[in-house]
Amino acid sequence: MKLLVINGPNLNMLGIREPDIYGRQDYKALIALIEETCARLGVEVECFQSNHEGAIVDRIQAAYGREDAIVINPAAYTHTSVAILDALKAVGLPAVEVHLSDVKSREDFRQISYAGKACEKTIMGKGFQGYVEAIEYLAGRCGASQN
Ligand code: DQA
């Protein structure tokens with residue numbers, strides 16, 4: 001099974017960015033945990049981070065015929081991007097939405113998730129562990145040992 005993990009804008013600033021909300025561990029540590037989790041489950045993984053909406057749309061489109069599932073934290077684009085929603089719908093791959101923080105208990109403008117409408121599951125408020133749960137779910141769903 002091939003998995004694509006997408007992180008949206010400002011997630012490259014983890015560790016520096018609002019640590020009381022997003023934690024003190026950096027993006028590199030997140031990628032290490034994702035790679036370790038995937039290795040444990042026999043999942044082949046590619047991680048992609050961009051601050052640009054169009055680049056994220058391009059990467060989702062490129063997943064068609066190349067990856068089997070997507071974990072996505074669209075960050076701020078969660079609440080604004082119909083383009084990312086449409087791209088997820090276009091490729092039709094099983095997807096899970098992850099948020100480090102508990103978005104539900106935050107500002108009104110974070111209460112809408114467009115990308116989430118194309119995802120089978122949303123995991124929020126669990127920090128880095130949310131990515132582990134998303135990967136475990138998709139590995140079970142898609143059959144991790146299938147290539
Ligand atoms: C976030 C929540 C979003 O509202 C915010 O814009 C982010 C990160 C999270 O992981 O908690 O950048 O997606």
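Numbers for residues simply follow the sequence, beginning at 1. Order of listing sets the numbers, starting from 1, for every ligand and every atom in it.
A donor-acceptor pair shorter than 3.5 Å cannot be found between the side chains of N51 and E53. Counting only N and O atoms by type, the side chains of S101 and R106 include a donor and acceptor under 3.5 Å apart. If you check the side chains of T37 and E136, you find no donor sitting under 3.5 Å from an acceptor.
The protein heavy atom nearest to atom 11 (O) of ligand 1 is S101 OG, 2.6 Å. From the protein, the heavy atom lying nearest to atom 5 (C) of ligand 1 is R110 NH1, 3.3 Å. Remark: minimum distance from atom 1 (C) of ligand 1 to any protein heavy atom is reached at H99 ND1, 3.7 Å. Nearest protein heavy-atom contact of atom 12 (O) of ligand 1 is R17 NH2, 2.7 Å.
With values rounded to the nearest 0.5 angstrom, L93 atom CG is found 5.0 Å from I70 atom CD1. Separation of atoms OH (Y131) and SG (C47) is listed at 9.5 Å; rounding is to 0.5 Å.
With ligand atoms numbered from 1 in the order given, ligand 1 contributes 3 (C), 4 (O) to contacts under 4.0 Å with heavy atoms of H79.
By heavy-atom distance, the residue among D102, L100, L14 lying nearest atom 10 (O) of ligand 1 is L100.
Where the criterion is an N or O separation shorter than 3.5 Å, residue side chain and backbone included, L11 fails it with respect to ligand 1.
Judged purely by atom type and a 3.5 angstrom limit, D26 uses its side chain to pair as donor or acceptor with the backbone of A29.
Partners of E107 by side-chain hydrogen bond (donor to acceptor under 3.5 Å, both in side chains), not counting sequence neighbours, listed by chain and number: R110.
Contacts of V98 with ligand 1, taken as heavy-atom pairs under 4.0 Å, are absent altogether.
Residue contacts with ligand 1 leave out Y77, since none of its heavy atoms falls under 4.0 Å from the ligand. Heavy atoms of N10 come nearer than 4.0 angstrom to ligand 1 in no pair at all.
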